[in-house]
Protein chains: 2
Amino acid sequence: MTFECVNIHFSWIIFSDETLRINMKKKDKITSIEVAQLAGVSQSTVSRSFSPESPVAVKTRERILGIANKIGYQPNAMARSLITQKSNIVGIVISNVTTNPFYPEVLDLLSRKFQQNGQKVMLFSVHRDQNLDDILPQLLEYQVDGILITAATLSSAMAFECQRWGTPLTLFNRYIPDSNASWFCCDNVAGGRLVGQMFIDSGHKSPAFLAGNEDTSTSIDREKGFMEIMVENGVKALKEVGNYNYNDAYAAAVRLVDRPDPVDAIFCANDIMAIGALDAIRSAMNMKVPEDVSIIGFDDIPMASWPSFNLTTVRQPVQSMVDDSVEDLISRINTPEKPPNHKVIMGELVIRGSSRISI
Amino acid sequence: MTFECVNIHFSWIIFSDETLRINMKKKDKITSIEVAQLAGVSQSTVSRSFSPESPVAVKTRERILGIANKIGYQPNAMARSLITQKSNIVGIVISNVTTNPFYPEVLDLLSRKFQQNGQKVMLFSVHRDQNLDDILPQLLEYQVDGILITAATLSSAMAFECQRWGTPLTLFNRYIPDSNASWFCCDNVAGGRLVGQMFIDSGHKSPAFLAGNEDTSTSIDREKGFMEIMVENGVKALKEVGNYNYNDAYAAAVRLVDRPDPVDAIFCANDIMAIGALDAIRSAMNMKVPEDVSIIGFDDIPMASWPSFNLTTVRQPVQSMVDDSVEDLISRINTPEKPPNHKVIMGELVIRGSSRISI
DNA sequence: CTTAAGTTTGCATAGGTATGCAAGTTTTCG
DNA sequence: CGAAAACTTGCATACCTATGCAAACTTAAG
């Protein structure tokens, strides 16, 4: 037996097993039509009252907004998006958010900046090697106005898919040649060279590179720049892999130092690994930084300046990379015919106490 | 003079100043109707083919999905939300994402877990003291199915607003008495007691509490538990404020130790402050941890176990707090009449090297 | 007071999907 | 083979807002 009582905002359903369930009907959403009725105007006028550019008599608009406010009306963004063909949502795909403190900062800045520009953020947090082919369709399904991908690798098939949808795509610290995606990267090759030169100039004889994940462009490029300098100076450099995390870097650092011909300088592809290496050399090997081994990182996360680490590192210009990325994406949202931008931004060597300066 | 040429996917507009602008029309979205035409079925059937529960002949569905796939059709989630009254979006409001490594982890776990449950995440990253009264309306405007707020304080007016909209609200490490929000918190009072008892049992004579932000319930509750134990044992405890960040904690720790009657134990309201205090005591004061001063933190962030810190701390059961929160929110989305849950989950004291154990 | 210009409003429709209902089709089984 | 049951499909409508167009109204100018 079913008993229903609509129109007064809830309904009873009596089940045969004598259980009484009170099923609060989802509070009927208040629509622009109800506001219109209360104000004695048409729905159009209510709608226009909510877009500042639309022409509505000042008095009318005030009255309508007053009523709307009183009964708690708010436009339905879904319906609006449907008709305007603009969702005002951007998708952000981010990885490494737990493993590298650099990325929470990036995420925070990105999300704030989009917010300031009136864009909502739909977030996907992924593993570094997670396949984005499942993620992008979800974003496109929600008609996002644009997509920003941080530190995760995208198949060029998916980049093409975005292009087909006409959804602009911006990459942060990644690039896809021959796609029509924009990208904004720290100049990783130059950063690597900076560090290499620093080691050479300060008289280090057996430097090493500690790689992140070997399939990431960031690690590859930092290594490339570093090794270029080594070759140019006829210096042989060792290499180990630390997978961009503390523990692996800790172990790798031990391997680099615990050998007949220990290294005297390690360039780590990010700060977290540099800190791991530093801890390993001090705690596990009982050696001194920078006296026995110089250590230089990459990113300049806040931790790098803490007294216990005092890490020399290559600072990524986060703020300007974020500004550039967001501005690019938003401008390409507003002007779809705009071509993608590619910008490589110089990092800055921040010299602290973890590296020797003189010979 | 304006010249327009629609129907062939772009239009020219010639401005009086002779500037030629080519305005690529946004690629027309492919709709279910087009798929229907190609498949020789009605739009209804196409729609049904995309909901596994809806009855469609197997052969028909295969053909439709094949065509859809070929021409790159994907349902429009906005339109779907409009009619189903379900957006499949949850709002997450998070703060401290850059200042406390605990929260990136929380965010990552939350976002993954929602994802697994088929919910998209709309993210707002805020400052701890930022007013959420501007944020919530934006979420409600997008018809989010539910809202989860982490470590940020919500006015009870806004909590009521959610209730009025029928949008379930779950708080993570915060609570609002007398609201109909759910909340899931670590048992901060009990955690404080745990630490207090530990200091007493191991014979510390002059302990101190290093508060986070004094207007947060987490800091208040941890202090409360700690001080209860002190009072019960007739011990006087000092207090300083570190605002949940490294630098302030560093300075506060110096003040606690650099006095005629220095403290011999500091309970810090989170791990980041504990690390700041630890650095201060070692680097700035040249004293030993735990020989001169014991330090205990709260959270058990990954860094706490690094050799250079080796921090004793109260572990927050992140995973189960996240699981509980997400499950609660989703179940209240699916069953709106469900009452809110309130759960306080015990933390666990993880004893490492930064605190003395014996007398 | 008349007319033109400017301002404000309403009508009607579009945006893309989901779904109750009824009609149509196929299968089942006696 | 016939009737009932089960399955498939199409029709029509609803979800809520924005906006082009024309009508109604107001103001300015003569």
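Sequence lines set the chain letters: A, B, ... in the order given, protein chains first and strands last, and positions in each chain run from 1.
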message: What's A/S54 touching, base or sugar-phosphate or nothing? Going by heavy atoms closer than 4.0 Å.
response: nothing

Within the sub-3.5 Å range, which N or O atoms of nucleotides 23-27 of chain C have a protein N or O partner, and how far apart are they?
none

- line: Between B/I64 and B/A39, the two heavy atoms sitting closest are CG1-CB, 4.1 Å

message: I need the single residue from A/N341, A/D328, A/D324 that forms a side chain to side chain donor-acceptor pair (under 3.5 Å) with A/S182. Which is it?
response: A/D328

- prompt: Under the side-chain contact (heavy atoms from CB on, under 4.5 Å) test, which residues partner A/E141, sequence neighbours left out?
  reply: B/Q74, B/A77, B/R80

- prompt: So does A/E62 pair up with A/K59, basic N to acidic O under 4.0 Å?
  reply: no

field: Between CG on residue A/L136 and CZ on residue A/F124, distance to nearest 0.5 Å
entry: 9.0 Å

query: Is it true that the side chains of A/S42 and A/T45 contain a donor and an acceptor less than 3.5 Å apart?
result: yes

- request: Please report, rounded to the nearest Å, how far the P atom of C/dG15 is from the NZ atom of A/K86.
  value: 18 Å

Integer-rounded Å distance: C/dG16 C1' and A/M78 CE: 14 Å

message: I'd like to compare against my own output: the B/S/- annotation of nucleotides 11-18 of chain D with a strict under-4.0 Å heavy-atom distance to protein.
response: BB-BBBBB

Check: B/Y142 ring centre within less than 6.0 Å of A/Y142 ring centre: no

field: Contact under 4.0 Å: B/T45 side-chain N or O vs D/dT9 OP1/OP2
entry: no

field: Test item: B/R61 side-chain N/O and B/R48 main-chain N/O as donor-acceptor pair under 3.5 Å
entry: yes

